[in-house]
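As structure tokens, the structure follows; a few thoughts come after it.
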There are 4 protein chains.
Amino acid sequence: MAQSMKQKKQEKKQSLVDASYDLFLSKGFNKTSIDEIVKKANVAKGTFYLYFKDKSDVMEDIMLRLSCRVLCDAYSSMKKSSTGDFVEDIIAIVDYIIEYFKKNKLVLKLVKKDFSWPLICEKIFDSEYGEVNKILEECFQNPYLAEHSNDDIFKLLFVIIELCGSICYTSIINEQPDTIDNMKPFLYRIIRKILEV
Amino acid sequence: MAQSMKQKKQEKKQSLVDASYDLFLSKGFNKTSIDEIVKKANVAKGTFYLYFKDKSDVMEDIMLRLSCRVLCDAYSSMKKSSTGDFVEDIIAIVDYIIEYFKKNKLVLKLVKKDFSWPLICEKIFDSEYGEVNKILEECFQNPYLAEHSNDDIFKLLFVIIELCGSICYTSIINEQPDTIDNMKPFLYRIIRKILEV
Amino acid sequence: MAQSMKQKKQEKKQSLVDASYDLFLSKGFNKTSIDEIVKKANVAKGTFYLYFKDKSDVMEDIMLRLSCRVLCDAYSSMKKSSTGDFVEDIIAIVDYIIEYFKKNKLVLKLVKKDFSWPLICEKIFDSEYGEVNKILEECFQNPYLAEHSNDDIFKLLFVIIELCGSICYTSIINEQPDTIDNMKPFLYRIIRKILEV
Amino acid sequence: MAQSMKQKKQEKKQSLVDASYDLFLSKGFNKTSIDEIVKKANVAKGTFYLYFKDKSDVMEDIMLRLSCRVLCDAYSSMKKSSTGDFVEDIIAIVDYIIEYFKKNKLVLKLVKKDFSWPLICEKIFDSEYGEVNKILEECFQNPYLAEHSNDDIFKLLFVIIELCGSICYTSIINEQPDTIDNMKPFLYRIIRKILEV
DNA sequence: TATGAATGAGTATTCATTCAT
DNA sequence: GATGAATGAATACTCATTCAT
């Protein structure tokens, strides 16, 4: 009984997150009003403020879940087909992310335009988001990077993800300087060079 | 007489641009109202709409001038101390840009947060902004890149500038993953690898 | 023509003040919304904020005008029937104020409940509200008070007005400890004692 | 058992009163929300409505206790050092109250701004608040006031307390027309005159 | 008694845009 | 061209109150 209460409570919060996500995607963060969110979530206005401080608060929530999920999915997808070559593993991860954004242009637009990757990264690594940390741990222990300090490995991965995000945004959204499919071989060549010992 | 009229007209427009720039820097684009702009510019509200469609219109104006100026300044600064080594020339340009953003954090924040480099780049290369095109031309003809197609060279430069912008933003604004001064050697090593034949 | 513009502008402001006054009187300050004010004033919502910072801002405006007017009316009414006896002049002023509040209970309620005399007094004496200052000047030079310092005279008048205001409020609004008509002789006896040399 | 139940119930009510008092003092009556009260009292929201009709209801409760206590404390403090001179006894009471408000400015602010003395007085004299009535009785029987009717004595005391409250507020809170310490001799001279036979 | 999630009417405030002068 | 008063839709946020558990 008590559980059903808490469950119901979580349902409300979830429906607010879902509604926000849909609206942020379709209208953009700035152009979405809290009015619209609560209407779509079928919840009273006050309920919004019961769970979130303001619009940015939901956004943060969404970004963390999303980034975490994409990264983890990319990692486990790579694991399945891994050849054991570290460089190719990294490229597999990047490729997964690129393909995800290709299929979800609106997500990409949202992630890049109204908030930025780095902010999210910061949160991911700091917080209790354990899964992502586990990925990182595995990288630290990879024999291929044995000579590098953990700090350097982190920087390396950070730069690659940044680069990947930047290029995704410009080429998928603006097709600048070319389509993402034309950029891919180019980008992977660069990543290989970066990771080359 | 006619000239003084035109001059006066341009004065109004310029003071609107100047006021906007100051306010965008100090308060951010979103939080600046047209009311504040015209008040700071000492101009009537209606006058704003004589010269600009809306706030974004001024922003575009500002961004183009700004990006163009920084890029050109970086280029001419490099020219003065060039050793003829193409790779080091590129790094000199990047370094100039980084140092500029280090000194002008607010500009960096504005450029990245409220608009993004790619959008500006797009304009720069498309438009009549001749100076930047000239820089590009020189790169195309550089013997070091003789084996590459113009298209590839453009992509290369684009990626480097994107990377530079991304890393500047995260490390200067968020100090993530490290301070920009600690990131620099790391970044330059990567750029060298990217440009390596 | 230009004058008609300014006139029209002042009309809007005046209609806002008038509407506010009416509503504050009938509903009280706290229960009056800006929505109601602008509706009653037949003016757009934004126009309110063109002339006033917020609700309290109008209130201050109203209080100053009102207090000033009542005090000045009381003074000139006294002047007309003055016998030259200073003490009786003061009592005549007090009596005028009491009669005014008897006829305008709502004003009394407004003045006392949501703002207090002292605040208003402070403004009156500090500001350019010249007429009130003139009254004060005359008191300072009255031969009856020749032996007192200006400072003491000011205190004396301040205390009398405070007393008057307090007793008005409790006896007119709450009929505590008695009706104002029953309090009057009592109050005047006290004032005479206070002013007695 | 039943008693401990009642005790527990009273505990909840008391903690609501205490929390309200603290918040009213620090934030003012109007700016304190029931939300804050229950949070500070560590009680569920619904519980508030079990004991009080609304915010004003708690306020009344607080005001009555407070006013009663201050008045009674003033009276018993006077009794201890009484010389038997009625006028000086009254002044001792007034002085106690003034000193209390000097030390508790916030209480003074609360008493005057959000509710007014007279309202409280009314309650005190009407209600079963016996102690205060006892004080009154003693005054009625004081030989010094033998010639006055009970009604007149009540008015006299009422006016003095009103005057005292008014002057406290203006001089302690606004320092208008002077600091309370500078007003004291002035005020006591007036009270002596008022009470003079 | 006690709880605290849910409500939604109510309110203040902002601001881009227009238009008569 | 230039002005700036006027607009009113849009929006964020609050909070007393209820009620099922």
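Proteins come first, then strands; the chains are lettered A, B, ... in the order of their sequence lines, and each starts at number 1. Keep in mind the model is a prediction, meaning the values are calculated, not measured. Just so you know, these numbers use all the heavy atoms, side chains as well, and skip hydrogens, waters and symmetry mates.
Rounded to whole Å, the distance from CG on B:Asn30 to C1' on F:dT11 is 15 Å. With rounding to whole Å, C:Leu50 atom CG is found 15 Å from E:dT13 atom P. One atom, CG of C:Asp57, and another, C1' of E:dA12, lie 14 Å apart when rounded to the nearest Å. Counting to the nearest Å, the P atom of E:dA16 and the NZ atom of B:Lys31 are 14 Å from each other. Rounded to an integer number of Å, the gap from CG of C:Leu23 to C1' of E:dT11 is 15 Å.
Projected onto DNA chain E by closest heavy-atom contact, B:Lys53 and A:Lys45 fall at different nucleotides, the more 5' of which corresponds to A:Lys45. Comparing A:Glu36 and B:Asn42 against DNA chain F, the residue whose closest nucleotide sits nearer the 5' end is B:Asn42. Comparing B:Ile34 and D:Asp35 along DNA chain E, the residue whose closest nucleotide (by nearest heavy atom) sits nearer the 5' end is D:Asp35.
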- Message: As a quick check of understanding, evaluate side chain to side chain contact (heavy atoms under 4.5 Å, CB included) for B:Phe52 and B:Val17, giving each step before the final call.
- Response: CA-CA 10 Å; B:Phe52 301 101; B:Val17 170; 3.7 Å; yes
- Query: Can you list the steps and then say if C:Lys12 with C:Leu16 is a side chain to side chain contact (heavy atoms under 4.5 Å, CB included)?
  - Reply: CA-CA 6 Å; C:Lys12 296 260 173 194; C:Leu16 279 166; 5.6 Å; no
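Closest contact between the side chain of A:Val43 and the listed nucleotides E:dT7, F:dT17, E:dT17 involves E:dT7. Closest to the side chain of D:Ala44, out of F:dT7, E:dT3, F:dT14, is E:dT3. In the set E:dG8, F:dA12, F:dC15, F:dC15 carries the atom at the smallest distance from any side-chain atom of D:Ser33.
Close to E:dA6, at under 4.0 Å from its OP1 or OP2, lies a side-chain N or O of A:Tyr51. Under 4.0 angstrom from either OP1 or OP2 of E:dA2 there lies no side-chain N or O belonging to D:Thr47. Within the structure, a side-chain polar atom (N or O) of D:Lys12 is placed less than 4.0 Å from OP1 or OP2 of E:dT3. For F:dT11, the OP1/OP2 oxygens have no side-chain nitrogen or oxygen of A:Lys55 closer than 4.0 Å.
Under the Watson-Crick or G-U wobble criterion, with both distances below 3.5 Å, F:dC13 is paired with E:dG10. Base pairing analysis places F:dT21 opposite E:dA2; the two distances defining the Watson-Crick or G-U wobble pair are each below 3.5 Å.
Of all heavy-atom pairs spanning B:Ile37 and B:Ala19, the tightest one is O-CB, 3.7 Å.
Rounding to the nearest 0.5 Å places CZ of D:Phe29 at 9.5 Å from OG of D:Ser20. Interatomic distance, C:Tyr21 OH to C:Arg65 CZ, rounded to the nearest 0.5 Å: 12.0 Å.
Nucleic acid contact for C:Phe48: none, since no nucleic acid atom lies under 4.0 Å from a heavy atom of the residue.
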